[in-house]
Number of protein chains: 2
Amino acid sequence: MSQTVRAPVMADVARLAGVSHQTVSRVVNDAAHISPETREKVLDAIERLGYRPNTSARALVRGRTGIIGVIATASVEFGPVSIQRTVEQAAAAAGFFPTSVNLPELSTAALEQAVDHLRTLGVEAVVMIAGHDEALGIVRAQRTGVPVVVAQGDLGRDSSGVGVDQWAAARAVTEHLVGLGHREIVHVSGPLDWAEARARLEGWRQAMFDAGLRPASPITGDWSSESGFRAGLQICQRPEVTAVFAANDQIALGLLRALYECGRTVPGDVSVVGVDDIPEAAYLIPPLTTVRQDFAAVGRRAIDLVQRLVAGEPAEPVPLLVPELVVRSSTAPPPPLR
Amino acid sequence: MSQTVRAPVMADVARLAGVSHQTVSRVVNDAAHISPETREKVLDAIERLGYRPNTSARALVRGRTGIIGVIATASVEFGPVSIQRTVEQAAAAAGFFPTSVNLPELSTAALEQAVDHLRTLGVEAVVMIAGHDEALGIVRAQRTGVPVVVAQGDLGRDSSGVGVDQWAAARAVTEHLVGLGHREIVHVSGPLDWAEARARLEGWRQAMFDAGLRPASPITGDWSSESGFRAGLQICQRPEVTAVFAANDQIALGLLRALYECGRTVPGDVSVVGVDDIPEAAYLIPPLTTVRQDFAAVGRRAIDLVQRLVAGEPAEPVPLLVPELVVRSSTAPPPPLR
DNA sequence: AACCATGATGTTAGCGCTCACAAAGGGGCG
DNA sequence: CGCCCCTTTGTGAGCGCTAACATCATGGTT
């Protein structure tokens, strides 16, 4: 085993380059007033030694760690994961070090622990990807001392958040269905302590009212295919229903299966729409009409906001992103009146 | 805006408690030989001041950051994401600070940048969740100076890895199919520069030989539903095929759709099996027979290994985890010979 | 010719913490 | 009663770096 040689430090570089450590520091942080020759010498020494600055020392003296905490649920669903990925990428691209905490459960204790962990690390800001209200409340209540940005949560009452206009998504879906001639459109919602679930519910309801239709009471799901399947079984009992708007694609997937089981064809007898446009959506039976969201943009905007807040600028509200309806084969006009 | 008061440091606690900073340090790190009263006083002062140790300062003097780097692909697929989640959780549970880098593309440049980023952070170890060979090679070639543990990659030639026995998974699937009476079993593989894809391919091939069957040449996919759909279209042209073993559930999903399109019923005409047991697998049409893997165990073991390597212990090979066949409704005996 | 702005570099201090060592006090034992 | 050892606490140095200031040429300006 090669005896661990001490990693080179700034002083080593300085010695090799024949300059002071401060000059090395200047080159590393490319400050002004360095002669080209000196810079060259220093760069060369750095290269030769394989030197890299010690982040801890730098953070210590600067009083800034450059670390951004990301709190997310441990779910492996397409939406949250996609947002998390893009948040992390955008953070890294902006020169931050993203550090994630993925919570298996959204208990108060778990959240407090997560925040504690992040504070210990010295994060400069926190991005929350839990659209779950209570979670948000707990983190806010912790007085983290650093800016908290919410991605895709309840963005109404607080300006430091970014997300997609779920209300508009639901409206677009409902209007599409109404436009095809549907009148009995059922909504299978997500859990209502999620802001996104509520926004989709409200968008649907509003669009129904606007179309002069009476929205039947929605069925509450939990984002899972299983809940979609159960909802579908209920809908099988209701022959008047000709269209179902599922709060996400997983629910729609379960729905498709239940409808298949009870012999209702899609889209012949019933139209089905989801939200998210998961990669599998185009390959379901039948290919699913759904709503595409630009998750990458959410991530980028979240980090933009973080940068602004870290710099001490006031948080202007970020406009919501506009989702896009993707029409495939799971929607069609309702069957002729019987 | 409350004027930013300097965060309390150890000296502040010491002053308030009437002891030296060193005594505070001892309490914080709960060292031996501290009288109960002193500990009490210090703890009280810490509480009152809301003190928390500065991680950078600590890392600087200790020469250890406690940070573990996780390199993963930016994919949002169930398997990799699940492993990543559990690795992160296990790392946090072990007192480390996990930091992930998710690569949108597996180019050399991107990987080098990722490693560079992690080294800058001062990681003590790296966990790679890319089963992709080349990625692994690039990271290994970087001489990171810290242990690299591979989760779910090519584990054969190197001891510092943990994973599930994909070869056994493929065998179990194939034997299940053979046991049902199938003789023309096609494999739709993952990309063959992925170790897992190769292991599944080999397991299938071996099981076919062992059963005295001639394995037809496999169709190569890329893990996506789309590739599964395309493969399915090919299989539609081959009436002799009565069973398909897909390298993952997404591929199986696309396959199901293609077979549906061309009028081959599942499992009546063709049996289909996937791998991963994604949450949706039970709600496909029909519910998918697949292989369940204990991803949480992979994560835990990876961190166990990391701890051992960081402590300087030799890396004993970790035995592969055994996957579990989950039989649902997409497999049945082949149709009677015509 | 005296002056000072400017660029290039060096010197010093100190960020907040842990490590190594020193020092003080108390009890057991011959 | 003196010695030694153990417990408890304190002191000083220094981890690797950046910020602030000091220094020293240089060259244009009056």
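Here is how names work: the chains are called A, B, and so on, in the same order as the sequence lines, proteins then strands, and each is numbered from 1.
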In whole angstroms, how far is the [atom2] atom of [N] from the [atom1] atom of [X]?
X: A:Q22; N: C:dG14; atom1: CD; atom2: P; answer: 16 Å
X: B:D30; N: D:dT8; atom1: CG; atom2: C1'; answer: 16 Å
X: B:L60; N: C:dC19; atom1: CG; atom2: P; answer: 12 Å
X: A:M10; N: C:dT11; atom1: CE; atom2: P; answer: 16 Å
X: B:R52; N: C:dG16; atom1: CZ; atom2: C1'; answer: 15 Å
X: B:R15; N: D:dG10; atom1: CZ; atom2: C1'; answer: 16 Å
X: A:H33; N: D:dT26; atom1: NE2; atom2: P; answer: 18 Å
X: B:R64; N: D:dG16; atom1: CZ; atom2: P; answer: 16 Å

For the side chain of B:I34, starting at C-beta, report the closest nucleotide among D:dC15, D:dT9, C:dT11.
D:dT9
Of the candidate nucleotides C:dT12, C:dT9, C:dG16, which contains the atom at the shortest distance from the side chain of A:H21?
C:dT12
Can you tell me how far the [atom1] atom of [X] sits from the [atom2] atom of [Y], to the nearest 0.5 Å?
X: B:R26; Y: B:H33; atom1: CZ; atom2: NE2; answer: 9.5 Å
X: B:F295; Y: B:R85; atom1: CZ; atom2: CZ; answer: 13.5 Å
X: B:L309; Y: B:E124; atom1: CG; atom2: CD; answer: 12.0 Å
X: A:I138; Y: A:T108; atom1: CD1; atom2: OG1; answer: 3.5 Å

Of B:R26 and B:A57, whose nearest nucleotide on DNA chain C comes first from the 5' end?
B:A57
Is [X] close enough to [N] that one of its side-chain N or O atoms is under 4.0 Å from OP1 or OP2 there?
X: A:S35; N: C:dG7; answer: no
X: A:S56; N: D:dG16; answer: no
X: B:R58; N: C:dC17; answer: no
X: B:T23; N: D:dG10; answer: yes
X: B:N54; N: C:dC15; answer: no
X: B:S25; N: C:dT18; answer: yes

The residue, A:Y51 or B:V19, whose nearest nucleotide of DNA chain D is more 5′ is B:V19
For DNA chain D, whose closest nucleotide is more 5', that of B:S20 or that of B:R62?
B:S20
CD of B:E47: more than 12 outside heavy atoms within 6.0 angstrom?
no
A:E112 CD: over 12 foreign heavy atoms closer than 6.0 Å
yes
Quick one: bend of the helix from C:dA1-D:dT30 to C:dG30-D:dC1 from 5 pairs per end, to 10°?
60°
For the residue pair B:T86 and B:R300, confirm or rule out a side-chain donor-acceptor distance under 3.5 Å.
no
Distance alone, cut at 3.5 Å: any donor-acceptor contact between the side chains of B:E88 and B:S100?
yes
